[in-house]
Novice: 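Before we start, here is the structure in question, set down as C-alpha cells.
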Protein chains: 2
Amino acid sequence: MNYQEAKEKFISTWGSLGSLWGINKAMAQIQALLFISTKPLSMEDIMEELKISRGNTSMNLRQLMDWGIVTKEIIPGERKEFFSTEKDVQELARVVAKERSRREIKPVIKVLKEVSSIKDDGSKQTKELIKQTKALHELTDTMDVMINKVVNQNQNWLTKSLLKLFK
Amino acid sequence: MNYQEAKEKFISTWGSLGSLWGINKAMAQIQALLFISTKPLSMEDIMEELKISRGNTSMNLRQLMDWGIVTKEIIPGERKEFFSTEKDVQELARVVAKERSRREIKPVIKVLKEVSSIKDDGSKQTKELIKQTKALHELTDTMDVMINKVVNQNQNWLTKSLLKLFK
DNA sequence: ATAAACTTTCAATAATTACTGAAAGTTTAA
DNA sequence: TTAAACTTTCAGTAATTATTGAAAGTTTAT
C-alpha cells in the first residue's frame, strides 16, 4: 500500500466511522484529511481532495469549528482562509466526549430523571417503569461521568496507568 | 406526569437516542417498550403500542435478537410468540458494548493498523500519515479495551469502586 | 392432509438526511 | 468607492435509510 492508497483508505474509513462519534460522513472526512495533512488547507484544497461541493465544505467546516475541532488559520499574504484540525488525539477525544455528552447524553439523563421521578401510584406497571428508568438513569449518569473523567486525564495517565489498571 | 405520559416520553426519548448506541429508532423503541413491560409482549402488542407495521416489528425484533438483547418466550398454551428483553442494565450495557466493538470498532482498528504500517518512504507527508494514524490506532485500541473491561466488571465494582476511583 | 394462526420476506414507497450550485453576502486591495 | 476574491446561505435535488403491506412461508391442531 503506497501513500495515496493509505491516505484514501484512512479518509474513507474514518468517514464511514462518523456515525460512531455522531457526525456525518463529509464532516468526518474533512477532519481526517486535515488530521494527516502537513499544513493547513484551503476550502479549494478540501473540495478538490474530497470531491465535494463548496457549500458542503463550508457547512461542514463550520460545524467542525462549532465542535472546536477545527480552527481557521490566517496565513500572512494569503487572501484565502486556511483550516487545520487539532492534531493531538487525546485532546481530540476530550473535545468529542465533552460535546457528545453535552449535546446528546445530558438531555437524555434529564428525561430519565424526570420519568423515574413520577409519583408511585402503587400499580405494578408504574413500579416497573420507575425501577427500570431509575436503573438506566444511574447507569447513564455513571458512564457519562466516567467517560468525561477518563478523557480529561493527561496523556501518560490515560495510555499507561489506566490500561494497566484494567488489565 | 402520569404513567402513560412518562411511558411515552421514555419510549420516544430512548428511540431517538438509538443513534447514540448505533441502532435505529424502531429497534430502540421496541427495546424500550419491553424494558418497562411487566410481562413478555406479542408482536400484536408491540405493533399496537408503537403504531408500527407487522413487517417492521418482525425485522427489528429479529435484529434485537441478533444483538442478544431480546429473547423469544414460549408461553404454554399460547400459539403466538412473545418477546422480552434483558432487564438488567449492566448486562444490557455489556452486550451493547461488546456488539458495537465487534461490528464497528474492531474493523476500524484493523484499518488503522494497516494504514499506519505502510512503508516509510521518507517523505514528510508519509511520516505525518504514519504518525497520526498510529496515534489514532493506539487511542482507539485503548478505548476499546477499556470499555470492554469496564462493562465486564460486576455491578458493585462498576457503580461503586470505579466511580470513586475517578472522583 | 388441510386449514387456521401465525411469522417472515421483500418490492414499493415514504421519510429523512446529505449535497449541490448559484445567488447573496463579506472582506480586502487599490 | 469599486470590484475582485473569497465565503455563506439555502432552495432544490439526490442519496440513503426506514417503513409498509401483501404475498409467501411456517407451524400447529385436528
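Numbered from 1 within each chain, the chains take letters A, B, ... in sequence-line order. Just so it is clear, the values below take in all heavy atoms, side chains as well, and ignore hydrogens, waters and symmetry mates.
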Novice: Quickly work out the B:Arg79 CZ to D:dT26 C1' distance and round it to whole Å.
Specialist: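 Distance check: B:Arg79 CZ to D:dT26 C1' gives 10 Å.
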Novice: Which one, D:dT7, C:dT20, C:dT7, comes nearest to the side chain of B:Arg54?
Specialist: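 Comparing D:dT7, C:dT20, C:dT7 against the side chain of B:Arg54, the answer is C:dT7.
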Novice: With DNA chain D as reference, determine whether A:Ser42 or B:Asn56 sits nearer its 5' end, using the nearest nucleotide of each.
Specialist: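 The 5'-side residue here is A:Ser42.
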Novice: Touch check for B:Asn24, heavy atoms < 4.0 angstrom, all strands: base, sugar-phosphate only, or nothing?
Specialist: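 The answer is sugar-phosphate, as B:Asn24 gets under 4.0 Å only of primed atoms, P, OP1 or OP2.
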Novice: Mind calculating the distance between CD1 (B:Ile23) and P (D:dA18) to the nearest angstrom?
Specialist: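 About 11 Å, once rounded to whole Å.
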Novice: Hey, does B:Arg102 have a side-chain heavy atom less than 4.5 Å from the side chain of B:Glu99?
Specialist: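 Sidechains of B:Arg102 and B:Glu99: in contact.
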Novice: Could you tell me whether the side chain of A:Gln29 reaches within less than 4.5 Å of the side chain of A:Leu33, counting heavy atoms only?
Specialist: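 Side-chain contact under 4.5 Å: no.
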Novice: Over how many whole Å does the gap from B:Ile46 atom CD1 to C:dT8 atom C1' extend?
Specialist: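 The distance from CD1 of B:Ile46 to C1' of C:dT8 comes to 15 Å, rounded to the nearest Å.
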Novice: Just how far, in rounded Å, is P of D:dA5 from CE of A:Met47?
Specialist: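 Taking atom P of D:dA5 as the reference, CE of A:Met47 is at 16 Å.
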Novice: Output yes when A:Glu86 and A:Arg94 qualify as a salt bridge under the 4.0 Å nitrogen-oxygen rule, no when they do not.
Specialist: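 Answer for the salt bridge query: no.
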Novice: Any heavy-atom pair between the side chains of A:Gln31 and A:Leu92 that's under 4.5 Å?
Specialist: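 A side-chain contact under 4.5 Å exists here.
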Novice: Between B:Lys80 (NZ) and D:dA29 (C1'), how many Å, whole number?
Specialist: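 Distance, rounded to whole Å: 16 Å.
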Novice: Please determine whether a side-chain nitrogen or oxygen atom of A:Arg62 lies at a distance below 4.0 Å from atom OP1 or OP2 of D:dT9.
Specialist: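 Yes, such a contact exists.
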Novice: Take atom NZ of B:Lys25 and atom C1' of D:dT19, then tell me their distance rounded to the nearest Å.
Specialist: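 Atom NZ in B:Lys25 sits about 10 Å away from atom C1' in D:dT19.
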Novice: To the nearest angstrom, how far is A:Asp66 atom CG from D:dT8 atom P?
Specialist: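 Taking CG of A:Asp66 and P of D:dT8, I get 11 Å after rounding.
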Novice: Quick check on D:dT20: is either OP1 or OP2 less than 4.0 Å from any side-chain nitrogen or oxygen of B:Lys51?
Specialist: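 Checking D:dT20 against B:Lys51, no side-chain N or O comes under 4.0 Å of OP1 or OP2.
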Novice: What's the closest nucleotide to the A:Ser53 side chain, out of C:dT8, C:dG21, C:dA18?
Specialist: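 Nearest to the side chain of A:Ser53 among the choices is C:dG21.
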Novice: Taking CE from B:Met59 and P from D:dA24, how many angstroms apart are they, rounded to a whole number?
Specialist: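 Spelled out: CE on B:Met59 to P on D:dA24 is 17 Å.
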Novice: Does the side chain of B:Glu44 come within less than 4.5 Å of B:Arg54's, by heavy atoms?
Specialist: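 With C-beta onward as the side chain, the pair touches.
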